[in-house]
Amino acid sequence: MKNNTKIYRCIPPSPNWFSFNIASLSPETKLFAYAASTTIFLLNSETLQYVGHLSGHSSKINALDTAGTLCASGSSDKTVRCWDMENQQQVASLTSFKSDINAVAWTTDRQLIVSGDKPGDLTIWNPNNNKMNKCYFIQSPVDCIVASPTHHRLMAVAFRNGAILVINIDSNLNGHIMRRLNGHDLEIQSLCWEPGNDITSGYTRLVSGSRDKTVRIWNVEEEKLARTINMPGPSPHLTDQQKGRLFMSTVWIPGKNWLISASYMGDIYMWDLDISPAKFQKFNLHSRPIFTMQFFSCGKKMITTSMDRQIIIWNITERKPIVAAITNSQSISDLTISPVDPYKLAIGGGDSSVKIWKALKPKYLVQLKYHPTKEGLFAYGTDIGTIGLFDEFQSDKNFKTFTSYHKSKVYSIQWCMPEWLNWSKEESPGAFVLSCGGDGQILLSDTAKIKAPSISVNDMIKEVNADWIQILKNKSGYLPKRSEIAVHPTGKYFAVGNVDGRVEVYELPSLKVIYHNVGHRATINKLSWCPPDAEGNSFLIACGSDDTLVTIHDLSDPEKLASTVYIPTSSSKLILQMHKRGVTGISWCPTNTTKLLSSSFDGTAIVWNLLDGSPISLFCGHQPQSRLFCTEWSLHDEDLVFTAGDDAMCIAWRPSENIYKQNKGIVKISVLVLFPLMDPNNNIK
């Protein structure tokens, strides 16, 4: 590992789909490498805990292969790269390609990297001396390349048209066709040699899985098809779309005359080839197609990746999962911790997904907020403007959607109790959900009246503050668009942020304006109230904006507040300036209100000392060029915080281990992250 970095633990992004070549197991390093978008992620092959990542490609990675401590990767950025997994650094690259790289593999002697591209070219490259040579045999995209276990430089190459070539590479890096294997009618999706222990002149068998719904076993020595296995048909309840997602992964079981293949919706078949016709045992935990299968050398364990975004280590003998790790898809847009259960973290995804670690199955949302007192209940908002409720403990586990909705993405969700609005329980026996959307509207929705129209909070504010509203309107005669809301933790105040940088605070339940600040010059992205003290008082509110600033506002002096209503102030109690791009997330330390955490589009997170406005910790552990979207401070550990963003990584780290040191070129990164694992009963630990 890098000397200045401790091992990361995190919820990493999901492996890429529809490729058999994007994962590899390295027994020497005990690492499992897989490609997620443009990055290679390294996991401990026994625990599936995050170890590190390899960044450098600019487009999707289509294939990778490991050889000892080295990893080779091919990408749509038209490059092949060689990496040192222990140092997590690139050691060589080949950039002379004119098309996407579809497949890549090391030769058995670990000296050469063979890659195949869309036009069908094979490139043989020695990364040690940078010599290379190109070969061209078939005008069809290359889909798979695998090295023979019994020859130093013998490769099997599968093409999109169903053809398979066995090629030997000489000392001049020329490729020579040794065998041609024809039989598949459609593209070959997986290719695997039968394991062999020694380098010999003979060939082991080859197995291929194709979109033609067959698994074929090849006698390479005699250049003929030895056996065809027709996969069982799909279940009758599957839709045409689900049937169309068929991906035929297949792999040999080391030490046995058995092979494993995957079929529709994550079904796994273990075939006994000593019996004719071959008989199978079926098992499953995945809910969608399986793309990669990697066996441990012992032949008793296997790692799979799937469209369901799970990575699973299997005990093949018992046909049961040992460890299952959940991964994130795309970006992460929101984090929230349940006040009732501080050990429960919910993560909202940019693809409209949320993962609740103590729920049995992931649900699908983008903005979310746990109820302050009722365990398991949260409000959610989506990227299409829908708002609603979900209760983890209801037997039907259905989403309840409000009739009213925003006309664009929901930016913020907050809870509001009826008594905070001076409404009786008879008028509204449930709580209210406040939402702010990209349409600039703030809606108040009654959880006891799901089908009733939501109330426009903007209209309520206009009615109470008619004279002041005329001052607030812009030159076009309209109110500025709302961009963020925050309800005081005890229900005393209601804060509103706007796209023009204004911050307004209203008193509850009257909704009369008491504070007006115009200090920011860009959209307000985040408002966060300071946790109340022992007497229930909280007068500080933090504000983060696209102008890169974090400001702290003090509402403890009523006279000063009153003076800002008609003549807005641009000053604040404290200005925190260090981010280089817009501020996206703010979280107060729940046990020490002199500390504040902020995140930014610049990819960094900072813990601030509010006594003097200085940075305490600086965290740069997310992927390069990534943007952070949200933060959360642990409710049970003062030295544990969470950050997440568009790199699809949710990282927990300790501020005490990431101390900010001014004028230092290297920032030490140390991370401790919740990585959700599931036991064989599908319960998340």
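If you read the sequence from its start, that first residue is 1, and numbering goes on from there.
- By the 6.0 Å contact criterion, CD on Gln625 is open, its count of non-hydrogen atoms from other residues, nucleotides or ligands being 12 or less.
- In summary, the aromatic rings of Phe18 and Phe291 are positioned with their centroids under 6.0 Å apart.
- Annotation: salt bridge (charged side-chain N to carboxylate O under 4.0 Å, His left out) contacts of Asp267 (sequence neighbours excluded): Lys282.
- Side-chain contact, Asn126 with Asn128: a donor N or O sits under 3.5 Å from an acceptor N or O.
- Using a 3.5 Å distance cut-off with no hydrogens or angles, the side chains of Ser93 and Thr95 do not pair a donor with an acceptor.
- Applying the salt bridge (charged side-chain N to carboxylate O under 4.0 Å, His left out) test to Lys224 and every residue at least two apart in sequence or in another chain returns Glu222.
- Separation of atoms OG1 (Thr204) and CH2 (Trp252) is listed at 8.0 Å; rounding is to 0.5 Å.
- Counting non-hydrogen atoms of neighbouring residues, nucleotides and ligands closer than 6.0 angstrom, the NZ atom of Lys134 exceeds 12 such neighbours.
- For residues 108-139, no residue pair satisfies the ring pair (Phe, Tyr, Trp, His ring centres under 6.0 Å) rule, not counting sequence neighbours.
- Thr108 places a side-chain N or O within donor-acceptor distance of the main-chain N or O of Ser148, the cut-off being under 3.5 Å.
- Counting non-hydrogen atoms of neighbouring residues, nucleotides and ligands closer than 6.0 angstrom, the NZ atom of Lys300 reaches no more than 12 such neighbours.
- Side-chain atoms of Thr327 and Ser14 form a donor-acceptor pair, as typed in the model, at a separation below 3.5 Å.
- Sorted by first and then second residue, the ring pair (Phe, Tyr, Trp, His ring centres under 6.0 Å) pairs with a member in residues 160-183 form an empty list; sequence neighbours excluded.
- Taking the charged nitrogens against the carboxylate oxygens, Lys30 and Glu86 have no contact shorter than 4.0 Å, which rules out a salt bridge.
- Side-chain polar atoms of Asn174 and Asn133 form a donor-acceptor pair below 3.5 angstrom.
- Between Lys256 and Glu194 there is no salt bridge, since no side-chain nitrogen of the basic residue lies less than 4.0 Å from a carboxylate oxygen of the acidic one.
- Remark: Asp646 pairs with Arg627 by the salt bridge (charged side-chain N to carboxylate O under 4.0 Å, His left out) rule, at least two apart or across chains.
- The ring pair (Phe, Tyr, Trp, His ring centres under 6.0 Å) contacts involving residues 97-121 comprise nothing, where partners must be two or more places apart or lie in separate chains.
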